[in-house]
Structures are given as structure tokens and as C-alpha cells.
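Letters A, B, ... mirror the listed sequences (proteins, then strands); counts begin at 1. All of these numbers come straight from a predicted model, not from anything done at the bench.
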Protein chains: 2
Amino acid sequence: MTIVDVNTPGGRYPIHIAAGRLDKIAESIPADATSIVVVTNPVVAGLYGERVERSLAATGKRVLRVELPDGEQYKTWETLNLIFDALLGNRCDRRCVLVALGGGVIGDVTGFAAAVYMRGVRFVQVPTTLLAQVDSSVGGKTAVNHPLGKNMVGAFHQPIAVEVDTDVLKTLPAREISAGLAEVIKYGAILDTEFFAWCERNAPALRALDPEAVTYAIARSCEIKADVVSQDERETTGLRALLNLGHTFGHAIESGLGYGAWLHGEAVGCGMVQAAELSADVAGLPLADAQRIRALVEAIGCPTVAPDLGADRWLDLMQVDKKTEGGELRFVLMPSLGAAKMRTAPEDAVRAVIARTVRIEDSTALPAVVTEVA
Amino acid sequence: MTIVDVNTPGGRYPIHIAAGRLDKIAESIPADATSIVVVTNPVVAGLYGERVERSLAATGKRVLRVELPDGEQYKTWETLNLIFDALLGNRCDRRCVLVALGGGVIGDVTGFAAAVYMRGVRFVQVPTTLLAQVDSSVGGKTAVNHPLGKNMVGAFHQPIAVEVDTDVLKTLPAREISAGLAEVIKYGAILDTEFFAWCERNAPALRALDPEAVTYAIARSCEIKADVVSQDERETTGLRALLNLGHTFGHAIESGLGYGAWLHGEAVGCGMVQAAELSADVAGLPLADAQRIRALVEAIGCPTVAPDLGADRWLDLMQVDKKTEGGELRFVLMPSLGAAKMRTAPEDAVRAVIARTVRIEDSTALPAVVTEVA
């Protein structure tokens with residue numbers, strides 16, 4: 001088993017990564033827990049619910065299940081309230097432990113419920129999508145959406161443990177694997193050129209779920225994220241904000257098309273391509289590196305042509321995003337590959353990138369420069 | 001001006017106490033604030049809204065107002081959403097500052113909104129009731145109610161400053177002054193017999209809003225609370241939990257009658273009388289001291305006879321309360337006056353106290369022993 005340690009002011013906890021962890025989750029339940037509440041959705045419950053609950057029942061504690069409707073459109077306060085209703089209806093006290101069994105939506109909603117139920121109870125993340133395994137389940141960001149913006153209402157609340165079972169990836173559709181890989185390569189693009197180059201070499205193995213490649217990719221992603229979160233839990237120094245590479249464009253795609261039309265990772269993948277273009281235009285990123293990013297996003301199976309939302313709507317959607325400060329439009333850009341920085345960009349440069357990335361249907365015909373980096 | 005410092009892991013901030021502070025709130029707005037959002041209700045807005053906003057406008061920053069419906073029954077997620085709608089509709093970013101102008105409900109809801117809007121923004125407490133000045137505006141407890149329990153969904157989120165204007169008390173009905181004084185004498189009963197005795201001597205002056213007495217009572221209450229909160233922000237060591245003296249019974253009264261029938265302070269006052277009775281029965285509190293508590297609650301103008309909810313309903317309402325842990329019924333009791341402790345009590349002792357405190361209409365005829373303590 002690979003163990004990655006996360007150490008923040010808000011809590012220290014392990015990420016356990018191995019095949020078969022679903023049967024071992026009880027190891028992460030503290031002895032003083034009064035009850036265990038598995039929060040999941042009907043699809044994941046059908047696949048893993050009984051197995052996880054059998055493992056948890058071995059603690060001798062009361063185990064409850066709350067099933068939430070499946071999908072980003074249910075990442076709302078109303079859904080959150082289903083958890084509160086169940087917790088209060090079953091008289092769960094401050095020492096109950098929630099177990100988030102599912103993808104990013106389940107993790108975000110369950111984590112936020114844990115953050116605010118009785119002003120805070122403990123929870124364990126059990127991510128069942130690749131995207132959640134390498135991103136949302138680590139670092140304590142929890143939230144629900146608001147009609148006017150994604151993740152606008154939330155909290156920083158660290159889990160007490162993250163349990164990553166690599167076996168669960170086998171049941172995921174290929175599209176979800178690709179979406180998860182977008183976040184994996186993001187870590188390389190932001191902070192680690194060597195890992196980026198490793199991803200270039202291993203893109204086919206990752207898409208084919210080669211066990212060794214997948215385990216390494218998850219562990220390295222979690223390491224990088226844990227390192228960032230350990231240094232900047234609450235996104236105050238600017239370091240953690242770098243993890244939002246591709247997210248300003250990506251959120252506009254998700255919000256403009258309606259949450260759920262594109263997977264979050266797909267939007268981030270395409271957003272990274274757009275951020276790379278903008279980086280080349282205004283931040284000095286060599287064009288060859290922008291092309292490497294486009295090529296790798298394509299190689300992992302994510303879209304690289306953005307939807308045509310209309311230029312004004314694009315701008316509008318990016319400005320309401322929480323990366324805005326004081327009315328100024330800010331982006332995570334890459335002055336060079338593997339060294340992302342927060343930068344502001346003039347509106348016309350942003351408009352030019354949007355025009356170019358939504359227009360060129362032939363963008364995929366660009367030479368896919370997949371060079372190996374020494 | 002009296003300044004009381006609060007220093008918790010979640011933040012350090014001053015409580016400014018003086019007549020006329022409403023005109024000086026701008027002093028508590030940080031230079032980097034991008035906009036200021038005054039959250040209040042129509043009654044308080046009518047009294048102080050323009051005055052406060054004029055003071056805040058002197059910062060040169062954008063000042064917005066959000067009016068929430070007035071009353072405990074609106075301490076809900078729906079009301080919270082009115083704040084989020086306004087913040088997002090006006091594109092308020094992470095550096096906006098909320099100003100909670102009102103009583104405990106406004107403070108709790110605004111504080112919780114600040115805790116979770118974009119995962120946390122800053123806020124200033126400007127309490128306009130005595131109860132909020134001496135209790136809820138200090139210490140960072142924020143929450144909304146759930147149909148199954150009071151304050152069940154919330155967060156610990158410290159304000160960046162508390163501005164207490166003693167002049168505002170003049171516009172309060174006598175009943176609200178009495179309710180606020182219940183929390184004042186609570187501090188003495190829990191932790192400071194000398195202050196309790198001072199309250200006994202000064203009960204008439206406090207009810208008459210004698211400026212010197214009121215200022216001292218607020219400052220001493222804030223000092224005691226600040227001291228407790230500084231040592232135990234998140235109610236983990238048991239110290240902060242002592243501030244809940246009278247609250248287990250009190251919450252049952254509020255919840256059983258429907259929030260708003262009794263003022264929170266009235267319920268706490270009556271709850272303290274019941275906790276004193278229980279303390280005399282099971283924790284060794286001398287009967288004379290239980291009588292001093294009853295007499296002082298009466299002297300400040302709060303009810304000392306509890307509503308007859310039916311014994312089973314009483315028990316039921318107390319058990320769903322968040323002071324319950326692992327199914328055990330726990331109370332803040334007073335083995336001696338000024339030295340409260342967390343204790344468990346057998347159910348039949350609790351039933352006996354309920355029967356006695358709801359039944360005896362002649363309880364107010366008990367000798368009002370107001371002895372001076374040396």
C-alpha cells in the first residue's frame with residue numbers, strides 16, 4: 001500500500017492507495033465514533049454499498065446509509081439537507097463519522113455536510129472516480145453550487161483519512177478515466193515537468209488502466225496536491241490557487257453548457273489548452289510547450305475545442321467566478337511548463353484566445369508534438 | 001471606550017464597547033476590503049441603517065444593504081440564501097466584508113453566511129440587543145436552525161471585530177433587556193460569584209439601564225466569555241460547554257413552544273432556574289444558592305416557571321439537543337455557585353425537576369433570598 005501524508009493546520013491525515021482498500025475502510029474509523037454514516041448515490045451503492053458496509057459493520061458500530069441523487073445538478077443545498085435530515089432523524093451526535101463513498105459531487109457535498117453539521121463532525125473520503133482520487137478528495141475543499149456560480153458556498157474541512165481503491169477504476173466508463181487524467185497531467189503542467197513528460201510517455205498505458213502506471217499516477221498526483229495543500233491550506237499564499245490551472249475557462253464551459261454536459265475533468269482539460277494558448281500569447285510560454293499541452297490533453301482523450309458560448313457570455317461567466325478579485329480578471333498561466341503563476345490578462349487577449357479555441361474546428365489537426373523531455 | 005481582546009486559534013479581534021460606536025464602525029473595516037455588505041432586518045434598518053451606512057461610506061468603498069425578515073423563525077437556510085443571492089448578484093468577491101447589524105439571529109445568520117460564502121469571508125458584529133452584545137456576537141459560533149433542532153447547521157467563524165454601542169439599548173423593550181440580563185447573570189453563576197453578587201446588588205440599576213452599570217455588565221460579560229473562548233474555541237476541552245448553563249432546558253422551551261414564543265434569554269433564564277434545581281438535587285448545590293439563582297432570574301424580570309410541555313416531550317426535546325453525546329443525557333450543573341461543571345443526570349431526577357418547575361405556580365412565592373456575598 002502507498003501512503004501519502006497530508007499535514008495542514010486544519011488536520012493531518014493519510015491517503016491510503018491500494019487495490020482492495022474498500023474492504024479495509026474500517027481501519028480509518030476512530031474508536032470513539034458513535035455511528036458511521038455512509039453517504040453515496042444509487043449507482044455507487046449498487047456497486048460497492050454492501051461491501052463497504054460489511055467492512056464497517058466489523059467495527060461493531062451502528063452503520064447508516066444515505067443515498068443522494070446522482071449528478072452535479074444535485075450538488076445543492078437541498079441535497080445537503082437530505083444528509084442533515086438523516087443525521088438528525090437518527091440522532092447522530094457530534095462524534096458520528098461520515099463516509100463519502102462516490103465521486104467528486106458526493107465528496108464535496110458530504111464534506112460540506114460534515115463541516116457544518118453541529119458545526120463540524122469527522123469524515124472519511126472514499127473516492128470512486130479517478131478525478132476524485134487525484135483531486136477533490138484530497139485537501140479539504142468542500143462546497144455546494146449556487147444558481148449563480150459553482151462551489152460558491154462551502155468550507156475548508158479536512159477529512160480524517162482518504163481511502164483510494166484502484167480497483168474501482170475498472171467499472172468506470174472510458175470518458176471518466178480521460179476526465180480524471182486531465183487533473184493528473186495538470187499537476188505536471190503546474191509544478192513538475194518530469195511528471196508531465198512521464199504522462200506523455202504513459203498516456204496509452206494510463207488510458208488502458210495499466211495497474212502500475214495508474215497507481216504511480218494517483219500517488220504522484222496526491223503527493224503534489226498534498227504538498228501544495230500542506231503549505232497553503234486556505235489558498236492565501238497563492239500556491240494552492242495554482243491548482244486552478246484551466247479552471248477559469250473550465251468553469252465557464254461547465255456553467256455555460258449547464259453543469260453535467262461536460263465532465264469537470266473534460267472542462268479542465270479543455271481549459272488547460274486555453275490557458276496554454278493565453279500563456280503563449282501573454283506570459284511567454286514557448287509555442288511548442290503550448291502544443292505539448294494540447295497534444296497531451298488530446299492523447300488522454302479529452303476535448304481540446306471549446307464550446308461556442310458567445311464571446312460576451314464567456315467573459316461574463318469567467319468574471320463571476322471566484323478567481324476574480326476586486327473586479328480584475330486573473331488566471332493561472334504558465335510562463336514556462338511546470339512553473340505556473342497567477343497572472344492578470346488583458347480582456348482583448350482573453351477574447352482572442354476564446355475566439356481561436358472555439359472557432360478552429362481543425363485545431364485537432366495541429367501537429368501533435370509529443371517530445372520526450374530528458 | 002472599553003476594549004476587550006479575544007484571542008482564539010481562529011482569529012484575534014477586539015470588542016469595542018462605548019456609547020456612540022455606531023458612528024465609528026468604519027474603524028473596523030480593513031483597508032483591503034472590496035465592498036461592505038450590511039446585513040440587517042427592517043426594524044433595525046429603520047432605526048440605524050442610514051446612520052451606519054453613512055459611517056461606512058466614509059471608507060470610500062461600495063456599501064450594500066441586505067434586509068432579512070425579522071425573527072427566529074427566519075433563522076434558516078432560505079434566509080441565508082438571500083444573502084448569497086445578494087452577494088453573488090452584486091459580484092462580491094472574497095475580500096468583501098459583511099457587517100451583521102442586529103440581534104442574535106442577524107449575527108448568527110450573517111456569521112454563518114460569512115463562514116461559507118466562497119469558503120469564508122470576513123465579518124464585523126454590530127449587536128443591537130443586550131443579549132447579542134453579551135453573548136452571541138462574541139466567540140464565533142454561527143448557525144441556522146433545522147426543523148429538527150436549533151443551531152444544528154453552522155460553523156465556528158470568528159468576526160474581525162465586535163462593535164457594541166450601549167446607546168442602542170434605549171430603544172429596546174424592557175422584555176428584551178431582561179432576556180439579555182439572563183445571559184449576564186449566567187456568567188456569574190458559571191464562573192464568577194463576585195460578579196453574580198454584583199448583579200444581585202445592581203439588578204434594579206441594570207433593568208433601568210443605568211449607563212455605568214450597563215457598561216460594566218457588558219464589559220465583564222464579554223471579558224468572561226472572551227476568556228473562555230480564548231481557551232476553548234471549538235468546545236473541545238469542556239470549558240466552553242459550560243456557557244450552555246440553562247440551555248438544555250432552555251432549548252426545550254424554545255423548541256417546544258415554537259421558536260419566538262419566548263425570547264432566547266427568557267428560556268435560558270428559566271432554564272438556569274431548572275438547572276439550579278437539578279444541581280441542588282444531584283450535584284450538591286446548597287438549596288440557598290439555588291434560591292439565589294431563582295431570585296435573581298426573577299429580579300431581572302425573567303420567567304421562573306417553565307411551560308408544561310408534557311414530561312415525555314420535555315425529555316424528547318432535550319435528547320435531540322446537541323449536548324447529547326453517545327445517547328447520554330448531559331447537563332451543565334453547579335456543584336457550587338460560580339463553579340459550573342458538566343455532569344450527567346439520571347432521567348428520573350430530570351423528570352422530577354421538570355414536574356416541579358412546570359407545576360408549582362407558587363414557585364415565585366419562595367423566599368427571594370438575596371444575600372450579599374463578601
Side-chain angles (χ1 to χ4, degrees), chain A residues 9-10 32-35 61-62 76-78 80-81 83-96 112-113 115-121 140-149 151-157 233-236 241 316 319-328 330, chain B residues 9-10 32-35 61-62 76-78 80-81 83-96 112-113 115-121 140-149 151-157 233-236 241 316 319-328 330:
Chain A
D32 72 341
T34 46
S35 53
K61 299 176 189 297
R62 180 172 68 148
T76 61
W77 175 262
E78 289 73 26
L80 204 55
N81 249 325
I83 304 177
F84 300 142
D85 292 346
L87 294 175
L88 285 165
N90 287 284
R91 301 203 159 174
C92 293
D93 66 20
R94 284 176 172 165
R95 288 187 290 157
C96 69
F112 188 39
V116 298
Y117 181 64
M118 294 188 173
R119 299 198 184 93
V121 299
K141 274 196 183 179
T142 72
V144 294
N145 297 329
H146 182 281
L148 294 177
N151 294 325
M152 284 296 142
V153 178
F156 291 97
H157 188 59
E233 181 184 20
R234 288 182 173 244
E235 208 162 313
T236 47
D316 195 50
Q319 271 160 355
V320 81
D321 187 278
K322 66 185 175 301
K323 259 77 68 189
T324 311
E325 283 209 348
E328 211 174 34
R330 302 172 77 217
Chain B
D32 72 341
T34 46
S35 52
K61 299 176 189 299
R62 181 172 66 148
T76 61
W77 175 262
E78 289 73 25
L80 204 57
N81 249 324
I83 304 178
F84 300 142
D85 292 346
L87 294 175
L88 286 165
N90 288 284
R91 301 202 159 176
C92 293
D93 65 20
R94 284 176 173 164
R95 288 187 290 158
C96 69
F112 188 39
V116 298
Y117 181 64
M118 292 188 174
R119 299 199 185 93
V121 298
K141 274 196 183 178
T142 71
V144 294
N145 297 329
H146 181 282
L148 293 177
N151 294 327
M152 283 297 142
V153 177
F156 290 96
H157 188 57
E233 181 184 21
R234 290 184 172 243
E235 208 162 314
T236 46
D316 194 51
Q319 271 161 353
V320 81
D321 188 277
K322 66 186 174 302
K323 258 78 67 191
T324 310
E325 285 210 346
E328 212 173 36
R330 302 172 76 217

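Scored by the side chain to side chain contact (heavy atoms under 4.5 Å, CB included) test, A:R234 finds A:F156, A:T236 as partners (sequence neighbours excluded). Applying the side chain to side chain contact (heavy atoms under 4.5 Å, CB included) rule to B:D85 yields the partners A:H146, B:N81; only residues at least two apart in sequence or on another chain are considered.
Between A:A143 and B:R119, the closest heavy-atom pair is CB-NH2, 3.6 Å.
A salt bridge is defined here as a Lys NZ or Arg NE, NH1 or NH2 lying under 4.0 Å from an Asp or Glu carboxylate O, and A:E235 with B:R94 meets this definition.
Neither the backbone nor the side chain of B:S35 comes within contact range of chain A, judged by heavy atoms closer than 4.5 Å.
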**OP:** Take B:F112 and A:V116 through the side-chain contact (heavy atoms from CB on, under 4.5 Å) test and state the conclusion after the steps.
**Re:** CA-CA 9 Å; B:F112 188 39; A:V116 298; 3.6 Å; yes

